[in-house]
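This report refers to the structure that appears directly beneath it.
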Amino acid sequence: DAKTTQPNSMESNEEEPVHLPCNHSTISGTDYIHWYRQLPSQGPEYVIHGLTSNVNNRMASLAIAEDRKSSTLILHRATLRDAAVYYCILRLQGGSEKLVFGKGTKLTVNP
Amino acid sequence: DSGVTQTPKHLITATGQRVTLRCSPRSGDLSVYWYQQSLDQGLQFLIQYYNGEERAKGNILERFSAQQFPDLHSELNLSSLELGDSALYFCASSVQEKSVLYNYGYTFGSGTRLTVV
């Protein structure tokens, strides 16, 4: 499985945008980039995924670099409820069903 | 509420004992996945069932076993428990057998916290 690298922790203020980076320099052409988050005392929650183009949904936006070696999860206006560990995961289409979680980025949102 | 129900939420048991964790998938989902989350190993995939049959296996110990029943609920059985088995156990579900082909996300439950003393 291709490896991802994320900062251990980040801090943000409430109602400000948050940009969570992920490096995946060994990504292959058929690897999709998925993001999950895990709120305290909860199971992981799917956030968004993409391949090459930037993606938006009601939860977040995903910006993917042109060379695909990095991506950024964007929370447009952070709320206290967004405090969680965010995981960037590569999934090879047609590959293994298992999700390979790294250590993720722990996001703290200050009121 | 994610729609995936796990019981019990907490379980405390002694070393050497056997426990069963239960998972009811989201309505309509046929695949069930089990994950273990410990402080030192993080989230690790254990096993997948699809419509009653085992489909993928991860880092699951021989002392652990799982099954999926005709009503699609799944049970994870942990036996000869050791202190190191203390962890959070999550169940996830997906509608497809091969969610990776369709890039479906998984829906996780809130987990069962197992403490072995």
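A, B, ... follow the sequence lines: proteins, then strands. Residue 1 opens every chain. Predicted model only: the values in this text are computed from it and were never measured.
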Per-residue contact mode, B:Q6 against chain A (heavy atom under 4.5 angstrom): neither
Per side-chain contact (heavy atoms from CB on, under 4.5 Å), A:L99 is matched among B:F45, B:Y33, B:Y35 by B:Y35
About how many Å separate CG of B:L88 and CD of A:Q38, when rounded to the nearest 0.5 Å? 7.5 Å
Relative to each other, are the rings of A:Y36 and B:F108 parallel, tilted or perpendicular (30° and 60° limits)? perpendicular
Taking side chain as C-beta onward, heavy atoms only, is A:E45 less than 4.5 Å from B:Y106? no
B:L61, CG: over 12 other non-hydrogen atoms inside 6.0 angstrom: yes
Flag yes if more than 12 heavy atoms outside A:R77 fall under 6.0 Å of its CZ atom; otherwise flag no. no
Residues, nucleotides or ligands: over 12 heavy atoms within 6.0 Å of B:L39 CG: no
Just wondering, are more than 12 heavy atoms of other shown residues or ligands nearer than 6.0 Å to CZ in B:R113? no
Below 4.5 Å, heavy-atom pairs only: which of B:A92, B:S110, B:C91, B:G42 has the largest tally toward chain A? B:S110
Could you tell me whether A:D67 atom CG has more than 12 heavy atoms of other residues or ligands within 6.0 Å of it? yes
